[in-house]
Each structure stands twice: as structure tokens, then as C-alpha cells.
Amino acid sequence: MAIFLDKNSKVIVQGITGREGLFHTQRMLAYGTNIVGGVTPGKGGTHVDGGSASAAASNLPVFNTVKDAVDATGATHTIIFVPPPFAADALYEAHDAGIGLAVAITEGIPAHDMLKVVATTKSMRIIGPNCPGLVSPGKALVGIMPSGVFASGRIGMISRSGTLTYEIVDMLTRAGLGQSTCVGIGGDPIIGTTFVDCLEAFANDPETDAIVVCGEIGGSDEEDAAAFIKAHLPNKPCVAFIGGRSAPKGKRLGHAGAIISGNFGTPESKLAAFAAAGVPVADRPSEIPDLLMSRLAMHA
Amino acid sequence: MAIFLDKNSKVIVQGITGREGLFHTQRMLAYGTNIVGGVTPGKGGTHVDGGSASAAASNLPVFNTVKDAVDATGATHTIIFVPPPFAADALYEAHDAGIGLAVAITEGIPAHDMLKVVATTKSMRIIGPNCPGLVSPGKALVGIMPSGVFASGRIGMISRSGTLTYEIVDMLTRAGLGQSTCVGIGGDPIIGTTFVDCLEAFANDPETDAIVVCGEIGGSDEEDAAAFIKAHLPNKPCVAFIGGRSAPKGKRLGHAGAIISGNFGTPESKLAAFAAAGVPVADRPSEIPDLLMSRLAMHA
Amino acid sequence: MEYQGKELFRRVGIPTPRGVHATSAADTVAFVAANPGSWVLKSQVMMGGRGKAGGIKFADDAAAAKPLADELFGKVLKNEQNPDGEEVRSLLVEEKVQIASEAYASITIDRAAKKPVIIVSSQGGMDVEEVAEHHPEAISKFWIDPAIGFQPFEARQLAFAAKLPVGYHKAFPKILAGLYQMFMEYGANLVEINPLVLTASGDVIASDAKVELDDNGIYKHPDLNAWRNDGPADEDQAAAVAIGLGMSNYAKFADESGEAPKTIGTIANGAGLGMGTMDAIKSAGGGAANFLDIGGGAQAELVKNSYNLVTSDPRVKAMFINIFGGITRGDQVALGIVEALKGDDVRKVPLVIRLTGTNAEEGRKILAEAGFFPVETMNEGAAKAVALANGAK
Amino acid sequence: MEYQGKELFRRVGIPTPRGVHATSAADTVAFVAANPGSWVLKSQVMMGGRGKAGGIKFADDAAAAKPLADELFGKVLKNEQNPDGEEVRSLLVEEKVQIASEAYASITIDRAAKKPVIIVSSQGGMDVEEVAEHHPEAISKFWIDPAIGFQPFEARQLAFAAKLPVGYHKAFPKILAGLYQMFMEYGANLVEINPLVLTASGDVIASDAKVELDDNGIYKHPDLNAWRNDGPADEDQAAAVAIGLGMSNYAKFADESGEAPKTIGTIANGAGLGMGTMDAIKSAGGGAANFLDIGGGAQAELVKNSYNLVTSDPRVKAMFINIFGGITRGDQVALGIVEALKGDDVRKVPLVIRLTGTNAEEGRKILAEAGFFPVETMNEGAAKAVALANGAK
């Protein structure tokens, strides 16, 4: 089943004719994602070459508006590759056209734009922004993740970071622990889908047996995740990792959201929360597969 | 059962220490409405004399904020007597405090204020603005209607006008047709609760056998009501009246919403819609009781 | 008026043609003399159809402008919709732009949807309702969620759907953003650009401007309030406000062919009852000369002034005062009526009073003592008023 | 800085004390001479605690102001949090108001709630976190729905809940409305008034102003961008931007007592991997001197400049470059590294490269040919880097 995304999801690409947009469209198509078209205002009626994955893929329709794309293709998902000043508008457009899930890759969207977007587009799930997207291995990939590291399986993965996800997933895959869905929720302070939202979905997914939560310093999403796991996930083992545990206070590290402000967003608080929820926290990514396997064995 | 309001509804009055607010508080209490307190910023901790209806009524608590009032009394309903520039704020405050139904008596609230209010306070039902309120005869009255004309019974009444409601209800009562609930939805262009909303509630009310829809020129609320009746109310007879059928185009008559603009809001369109829905339209208010009784007899 | 709408357009960054608002022929000529080029002299009036009524002229120099300006100032423009006409008191002198294409854009309130709706058409310069009827494919609409507000994609979607020429596309989001800002900030019932011109040089300019403000919101913008009183106001509204009624609580109706003459004055408490009273008079075969909602209070002074206002219409041969005692008690209203009609400073016409509702008995007694014999029902009152207007005693 | 925050306050109608921003002692003295009264000379610095550090002085006339201004300009203010200190380059000269009461008001982003939160306290002039700990009843919060925006009732509710003196109540809604307008319009992470003074004469005035802008939103306000570069910028951020990295893609860490010395430079692709790399070094018993996220691309030029930036820190004794080939192919990254480190214009320190992921094999081959022998895992790389920094060969 996976969460949020499967083989049947019909995906469009907002900003498909841009360099990034086209490059990743081709990669997603090669992975098997059901990309049905793209949107670039003013280029409606033209086509782009999505590569040789299929006859349709080599001649993908471009539309002027998301509404046109949805009307013509029945698209359910969108992935957004537009610069920060236009990203909020792209999300509003997707929402208005009835899109169910939008992946916002864009880094650098003003937090205040996102405050308003998330408050007013509640009928649409937003993944990100400033995220690598999501993949349900063997089914579909909507994002910019390197497809090679993933393997189909029964581990759910949620992460605020892209590269740490690849690092951890690579280890899982090598250890024979394939993944049901991996969601990169994004490194910004205001994101559409949180750990808790993903945990809720994984809780209801019969094809997910265990979950890896890859957090980092800043904010309180990890604390909320720990509380949710304690209350609602007694039967699915979870393992956590927290990036940036050695970071000093007050320094913003790459992600706009990764900053310890005063006594807020500290690793100590997150470690304590996971401990209280009975969730083991790996000191190194390399420990995660073993922790998962021992937990799975306990639950078996 | 009635709709929207019954004996158990706990009501507060926003603007209770004003002349209008206090006058109608006393009238509502005398009718038996469960008024539990009022709000006037800066007068929190004081009390007003709500009259001799009960010991509690003679010493009603005043609060600084709606939140304080709700916390202290568990209020579910509010009635708003504040001037137009402050009315939208009062509605937002009621919504924020978790009030379920707000009656906005105020006339003259800018339509643009109401556009935003109705778009952003969907968890709260708003009756009005520029309305006389609502009454479930024998149970409770939240509004400024003259209590004497109403009688408890099984006819639902919905109206865009106050005085025409009294005129019609007076005739119903004299004809022995008591009312389950009478709702004055208000004469403004943008109102919180429409004919259709009320019809939906009456459709599900086992204590309402028939419905009177008292419309007027302007807008398309009557046309929407007719369509709803046709589709969803096969088993409850409805009778309609349309005020202002002799009005010329382009004149705004008392109500901000009562105006025929071009070919929009004409009585012809409303008559045609009711005819298509099989709803008889009375030429004079005095015909309504007979029309109702013959319809009820047909359905019996 | 147009020049005021354009002032608002400029405040929100919508491009308008270069020009000046001239309040005299001399100013007009002086401006054209000082600014070489081709100019349009546009009469500033409230009525529509001023072009066909001869209110728009073109001048390429001061010599050409002088006789035209002299002609327009003081001219009374008339057409079918405005048989009385409207006097021209000022001109908007505007650069004549080279038109490549004309479009239409407006924002108004959709009452049923409870949302602002943007309407865009590629057929500019025409009546949008006509375009909607004959070329529906040229029109596109978008309903704005007020919680979200205007977003640029809405303009793109509308431009593509209405098939606006590509030349509009770049400027269009900014123009609609300005239009929405104006619509919300100034509380407009309608903001309209017709035509929105694409010039030969590629600029997009609002060539005409129409703005209708919400009376209820005007208090937020005292400067616009002053503007509103600038043009020829609605006389009914002015008369109502002068005696302390709400602006739309009084309306006088013109006679219409095929209908009974408007000979019966009406006063009622409440807008709904006021409309019902007019309707009842029509049902009884007569014609109401006016609508007057006296409101909830009905103090003697207001009753008197209202009575005088209604009877100032020489057509009025009888008066029907229709009161449903609600909050206001019937005896109080009766006292008000008696007090109001006591003096000699009112034009006495045959009077029918209907009084019912709260304390009606007491009220009827008071009226009877003063020599007024009220009827019981609205139907009865309407019939009696019609009879009296027709000469019955 | 305060004077900039106050300029924004004035734009949104929040009252501030009368005064002037003086950039020289002469200007300061001239202003006081020209404006009789009691004045406060406030050093304009980024650091907190300037009062205790001697950065605030009082003067009742020009004679008193001169020595104080001479002292302050050029003075380096220091305290525990800012051991290096910050030089005073300008003063805000402000009217000294008679304080009746001091309150606190701020708006910031609540990440978990995804909403702006207003925080109000009746204990002004104090650190709000301390107040929250010791006097929670003096603090009140309201989470704003961005779809609704600020409404006056929110101010009333906060004022009553935080028990602000009655003197604040009338002015408070307008002040919070201005604060929210500023928060949203200028994209602020924090807007803070501390203290918000109720004066003896009954006015409510923002006595201090703090505004933290969101870097991502600054493009909307080019004028504020200029301001931001006005003060002493974060040197790490400036260095990162100078070589084409994002502002927060590089951070240098100070040594801390009780921890291993920061001797290992780090470069990683991706923020998460960058943090993980620091953590791995700590786990291996070492100390990362910096965080550097080189991003997705990793062209040779950027690798070289990043390497030079990290090794410009003399503490760096070894370097750990940690790459997980994702979108970027491992062979491309390897070429970048080889190219980057070829020249003599880099400070050579013992180097550990970890390269895995897409095309890692090809990349490792390229590195090997250039004499670099990459490790396979992050743990291995961290351990080796620590050993090298500690003098191993």
C-alpha cells in the first residue's frame, strides 16, 4: 500500500520546462512514476521529451495552468520546481485545481508565505518545502532522491534531511531492510507535513512494519513525534536518529529550521522525549539497521 | 427539537451593557431564554440586572472577553449588539472562543468584512447580520423579535425580513399554526446562514412538518431555496412569499440586499424557480395559512 | 465617476492614460495647449452611454479643443435610460492611445457564493452581460477565497481561459492584484476596467474606470465619502438622510406605462413590511408612490418628517401608514402619529392607518380619540387607501 | 538594530519616543543643544545587554552630552555573551520618558502550531523567558490564524489575561495591529517591544525595538537588505556568501571547555549529512571546527573555495570531506575534488575523503589516480580524521 504515493498516483510537474524540472521529470519517469504532464505558463500545447521510459513519456504534454493539466489528465499529485518568489503561488494554484498532494522541492520560500499557505490549503497535503520529496520504492518516486539506494520493503522512513536519508536508507537496503515509503519532510521551519502526520499514515499502513524517524536539532517536531509514538504506535517499532547533536546553540546549520534558539530545539530535549516514548535513538546512522532488527524481533 | 436553538442553549450577549443590549437581554430572559451572562470589555466582574425572570437573571455576570464568558458559563450561543465597525471583531472573538452559533443583529456591517468573516469562521453558525434573530417558540428567543406573536407548533419559518415575519407569523398563530423555529436570516447581501442552510436543518427536524419561506427581491437565495426544496424536501410542504414584487429595478429598498440589479434578483426569476419546484407562492401574506393547511392536508 | 475611479487605480498601481481632470473649459484648453498631442475630452457623469450621448470628443490641439470644451461644459447628456439627462460639470482630458486590443476585467461580489468574483473578457469596450449572452467563450470567471486573497495564478488562469492576446499576459497579474486590493481596501461592490487597452506600443492601460462603493464601508475612507457627494446624488437618498432616515429607507417610484398611477404614499416600520405594503397596494389595484421604512423607533418628529417627505410628492392623493407593533409598542406609535399630524404644517391627504401587534388595542384607542380610525389588516388598509386615492370618502 | 526597528515601527504607526539617529558625537551634541530636554544616548549594537555593558547614558543638556558621546563613539561594549565585544558606531538619541509602567509584547513564529504567536507580559524590561519561568501568570499568548489575521479582540484578551494596567488598554489593539502588520509585511521571525512603556502622562510608547527578519523573505524589501548589511554581519555568513554558498551553509564553531579541541574541518553535501559528519567526529572523540554544506552541485571551483574557507581557520589540523553521491554523481564530485586541490594556492592539511552513493566506484578510481584514498563509511572517515588531527600519519 505504502503511504501518500503509489503506482497509480498521477503526477504533474510544475516548472517542467526548467532545467531542474525536466532533469528530474526524466529521472522520475525512469523510476516508473506515472508522470502525466507538466505546467509552464505560456508553453501550453507544447510537449517535452521525458525520456524513453515509455512512448507517452517521450512526448509529455505541457499545460498553461494546473487546472488545464488536471482537467486533461486527472492528475492527483504535483511536484513543484519553481523559484521561491513564485512557489507559494504554485501551491495555491495546485490547491485550487484540486490536487491532493504537492511536493515542494523549492528551497528558500519565505516562512510567512508558508504560514499562510498551510493555513488556507488544508484540503491538499503539502510535502516540504525545501525537501527531497518522497518515494514508495518499486512503485513511484516524486522528488529528487537518488533512486539507486532504495529497495522495496516494509520499513517506513521519515526525515528532515535529504542526504542523511540517503545515508540511512543505503544502510537499511544493504542490511536487507527495504522500505515501504520514505518521506523527506523538509528542513524549513514551516512545513506542510510533519513527523506526526507521517506517523499517523504509517500507523494505518499494513505494509509498514517499523519506522525510522530521522530528525535534527531545532523546533519540536521530534518531541511531538515521540509523544505520538507513545500514544498511538504501540505495535510498530520505531527507531530515531537526531542530526546535529554536536551543534552549538544559535548557529543555523544549512536548513533554515536547524537552529537551537535559547533552550528550544536542543538535542537533549529530543533525546529525553524519545527515551520517554521508549524509542531507541541511534548515536550513529550505522547503528540503525541493528536497532531496527532487534526491535522487529521483539515484536515478532 | 426545533433547529439551531432550544431550551438548553446557553446564551451570552455581546454588548450587554449597551442600551439595546440590556433592553433585549431583559426581554429574552422574560421569554425564558437561558441567558448566562454578557460581555463588555472593561466591565468584567460587574453584573447587570436582567429583570425578575429568575434569581440568576437579576444578577447576570459581565465578562471582559467572550473567552472568559465561555470558560465561566459554558455558553454555546451569542447575540451581538455592537456597532458596525466592531461587529466583525465581535464575530471573530465569538468564533475563537468556541461559540457554536452567533446571531448578529447589527445593521450596516460592510459586506467586505462579512466576506472575510464567513470565509474564516466556518466552525460557527452565523445568523444575520442585519437580522431580527431566531426563536423556537415556547423554548427560547435569541433576537429582537416581538415575543407575543409566536406560538409553539410544527411550522418552520425562514425570512429575510423582520416585520414581514411578524406579519406572517401573526397570521399563522391566529390560524392555529404554531411554529417550531422562526429564523430571520437578515437583509444584507452577505449573510452567514441562507435559506438553504435553514431548509437543510428543517429537513432533519422531526418536529417541523411544513415550512414558510419569506423571501424578497434581490440576490438568488430564493432560487437556491427552490432548487433545494425540489431536490431534498419531497415530504415537507413548503409555501413561499416574495416581498417587493412591485418594486422597480435599481432601487435599494431598506435592506442592503433588496435590490434588482439588471436582470438579476427579479421577482419573475424567483416566482419561476418556486413554480418549477412545485412550491406555491402566496400573493398576499394573508393567503399563507390557507395554502399551508391545504398542503399539509395533501401530505397527511 | 471615471476620474475618481482612476485616482484609486493609480493608488493601487494600475496604469491609466496620462491626463488631467479639468473643471472648466479654460483649464481644458490650457492643458491641451501646454501638452502637444492627441487628446480625448471625456464628460464626467454618473450615467452610462455618455459616448453615444455625445459626451466624448477628440482634439489634436488647443484650437480644436476650445469649441469642444465650450460645448461640453454645461451640456445636458441624455439617452433612453436617462431621459432627464445629466449636466456635464467637468472633463477628463486624456491621452488618446493607439489601441491594439481591448479587454474587460472586473471584480464584484457573488452573493450566493459569498465570494468576490473576477470576470475577464477578451471583448473589451462592450457590455459584459451582452458578451456573456452572445460570446460566453470570451468570458472567464474566478471566485476568490477571501481567506487566500488574490494570487497571480488566478490572473494566468483567467487570461488563458478568456483567450486574452499574449500581449496582456505579463501585465495582467499586477493589474488584477491592484484591482483586488482596491476592491477589498475600499469596500467596493464593483470595480471595473472596460476597456483594458493593449496599446500599439505594448502597454496595458485602464482606459475607463468604474468603481461602486459599499455604503456600509465608506466610513473607513472619509476621503471617498467626500467624492461620493461630489456627483449628482440620488435625490431620494439625500432626502431620507436629511430627515434622519437611513440612505435607502426611502425611494420614490416613477410612473410606468401600463401600471396604475402612483398616487398612494406609504410609510411602514421595517423594510419587509414596507415592500409588502407596496405589493398590497398593487394587489388592490393601486400604485404606491414610494417606499418608506420608518424603522423601529418612530418618534413623533420622524413620523411627521416622513409624512411631509412622502406628501411633498404632488402625485400623492392618499396615505397608508402600516405599522406592526413589535418591539415598539403600538400605543407609542399611535402617540407619535397623533402628535405628528396635529399641526397645520402638513399637507393633509386622506389617511389610512393600520396598527396591529404589541399594544395595538391601546394604540387604536389613542388614534380613535384623535379622530383616526385604523384598520386591522394590511389587505383592508391597502384596499381602503386605493379607494380614497380614487376619490372615495 | 534598535533604530532600524523603530523606523519600521513608525511605518506601521507604533508610537516611539522622539529622537534622532546620530552617527557622530558632534551630531549627538548638536541635536541635544538644539532640543532642550532630557535625553537618553543609546548605543546601536547588535548584542544584548548593552545597558549593563555601559552603552546607555543620560544627558540633560549639550554640556553633559558631549563627554558621554565622545566616550560612547568607538567604545567596544563587552559582556559575558560577547567576550569579543562590539564597537559603537552610532547612537539613538531619545527623549527620556517618565515611566509609569513597563510591559512586553512580541510576535514570533510557533513552528509546531504553524502560526504566529503573540506574547504579552506585564513584566516589561525583563527577559521574557525568565518571566515565563518565574511569573507565568504575567504572560499571555495568542496564536493567530494567518487566514484571519490580527483582530482587535486578540489585544483585549491578551491585555486582560496578562493583567496589563488599564492605561494600556485603549492603545493596545492599534499597537499589536501595527506589530502584526510589520511581522507579516516584512517577514519577521521576531518583532519585539521590550519595554512597551506607559508614560506618566498616559501615552503608550515602544521604548525599545527588536526585529529579526527572515532571510528568505528579504528579497521583497530591498531597502531592508541594505540595513541588514549595515551592522556588523555574521562573519561566517558573509564568508559563505562571498564564495557562492548559501548564507547558513557555513558556520565556524568556537572551542568549548570540556570538549575536544575543534581541529577537524568538514565539508559535506547536504545539511543533514553535514550535521551528521560533525556528530560522527564527536562520536570518534574529535571536534569539528565547522559545518559546511557544499550543496548538490559541487563544482571544482566551489570545492576549492570551500576547502580554502575551512582551512583558513588555523585550528584546522585535518579535513574530512564527506560525500554521498545522490543526484550529483560520485565521479563528478571526485573530479571536482581533484581539480580543486591540484594547485599550490591551498593550505594542505591531512585529508580524509568519504565517497559513496551514485557512481561511487568511478569516483573512487578518479581519486585513487590522483593519490587520494577514500574511505567507505562515515564512521571510518571520522575516526581517521580524528587520528590524523591528533598527529597520526
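This one's a predicted model, so the numbers in the text were calculated from it and none came from an experiment. Throughout, protein chains are lettered first and strands after them, A, B, ... in sequence-line order, and every chain is numbered starting at 1.
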Note to self: Tell me whether D/Asp110 is salt-bridged to D/Lys114, with the criterion being a basic N under 4.0 Å from an acidic carboxylate O.
What the structure shows: no
Item checked: Proximal component of A/Leu253, with respect to chain D [non-hydrogen, under 4.5 Å] -> both
Item checked: Interatomic distance, D/Lys141 atom NZ to D/Ser121 atom OG [nearest 0.5 angstrom] -> 11.5 Å
Note to self: With chain A as the partner, which of D/Gly287, D/Ser283, D/Ala254, D/Ala147 has the greatest number of non-hydrogen pairs under 4.5 Å?
What the structure shows: D/Ser283
Notebook entry, point to check: Is it the backbone or the side chain of A/Arg284 that comes under 4.5 Å from a heavy atom of chain D, or both, or neither?
Noted result: side chain
Note to self: For chain D, which candidate among A/Glu167, A/Arg252, A/Lys116, A/His255 shows the most heavy-atom pairs at distances under 4.5 Å?
What the structure shows: A/Glu167
Item checked: D/Thr377, part contacting chain A, at a heavy-atom distance under 4.5 Å -> neither
Next item on the list: Name the option with the most non-hydrogen atom pairs under 4.5 Å to chain A; the candidates are D/Ala188, D/Gly149, D/Ala382.
Entry: D/Ala188
Notebook entry, point to check: With sequence neighbours excluded, what pairs up with A/Asp89 under the salt bridge (charged side-chain N to carboxylate O under 4.0 Å, His left out) test?
Noted result: C/Arg156
Check: What part of D/Glu259 lies closer than 4.5 angstrom to a heavy atom of chain A: side chain, backbone, both or neither?
Finding: neither
Check: If you round to the nearest 0.5 Å, how far is CD1 of D/Ile294 from CG of D/Leu309?
Finding: 10.5 Å
Notebook entry, point to check: Of all of A/Thr163, A/Ile191, A/Asp170, which one pairs up most often with chain D through heavy atoms under 4.5 Å apart?
Noted result: A/Thr163
Check: With respect to chain D, which residue among A/Pro85, A/Ser159, A/Gly162 yields the maximal number of heavy-atom pairs within a distance under 4.5 Å?
Finding: A/Pro85
Next item on the list: Identify the residues of residues 101-109 of chain A whose heavy atoms come closer than 4.5 Å to a heavy atom of chain D, ordered by number, or report 'none'.
Entry: A/Gly108, A/Ile109
Next item on the list: Among the options A/Val196, A/Asp113, A/Asp283, A/Ile217, pick out the one with the most heavy-atom pairs lying under 4.5 Å from chain D.
Entry: A/Asp113
Note to self: Tell me every residue that passes ring-ring contact (aromatic ring centres under 6.0 Å, His included) with A/His95, counting only those two or more places apart in sequence or in another chain.
What the structure shows: none
Next item on the list: Just say parallel, tilted or perpendicular for the rings of A/Phe228 and A/His232, cut-offs at 30° and 60°.
Entry: tilted
Checklist line | Gap between atom CE of A/Met171 and atom OH of A/Tyr166 - 0.5 Å precision | finding: 15.5 Å
Notebook entry, point to check: Between D/Glu185 and D/Lys220, is there a side-chain N and carboxylate O pair less than 4.0 Å apart?
Noted result: no
Next item on the list: Check each atom of A/Asp224 against the heavy atoms of chain D and say whether the ones under 4.5 Å are side chain, backbone, both or neither.
Entry: side chain
Next item on the list: Mind ranking A/Ser286, A/Gly244, A/Ala119 by heavy-atom pairs under 4.5 Å with chain D and telling me who comes out on top?
Entry: A/Gly244
Margin query: Just so I understand: if I count every heavy-atom pair under 4.5 Å between each of A/Cys214, A/Pro189, A/Gly243 and chain D, which residue has the most?
Written below: A/Pro189
Check: Who are the salt bridge (charged side-chain N to carboxylate O under 4.0 Å, His left out) partners of D/Asp255, not counting sequence neighbours?
Finding: D/Arg315
Margin query: Looking at A/Arg245, is its backbone amide N or carbonyl O close enough to the side chain of D/Asp279 to form a donor-acceptor pair, meaning the two atoms are under 3.5 Å apart?
Written below: yes
Margin query: Salt bridge check, A/Glu216 against A/Lys270: does any charged N sit closer than 4.0 Å to a carboxylate O?
Written below: no
Note to self: With a 4.5 angstrom heavy-atom cut-off, is it the side chain or the backbone of A/Pro132 that approaches chain D, or both, or neither?
What the structure shows: neither
Check: For A/Asp197 and A/Thr194, does a side-chain donor sit closer than 3.5 Å to a side-chain acceptor?
Finding: yes
Margin query: Once you measure the plane-to-plane angle for D/His221 and D/Tyr186, does it fall in the parallel (<30°), tilted (30-60°) or perpendicular (>60°) bin?
Written below: tilted
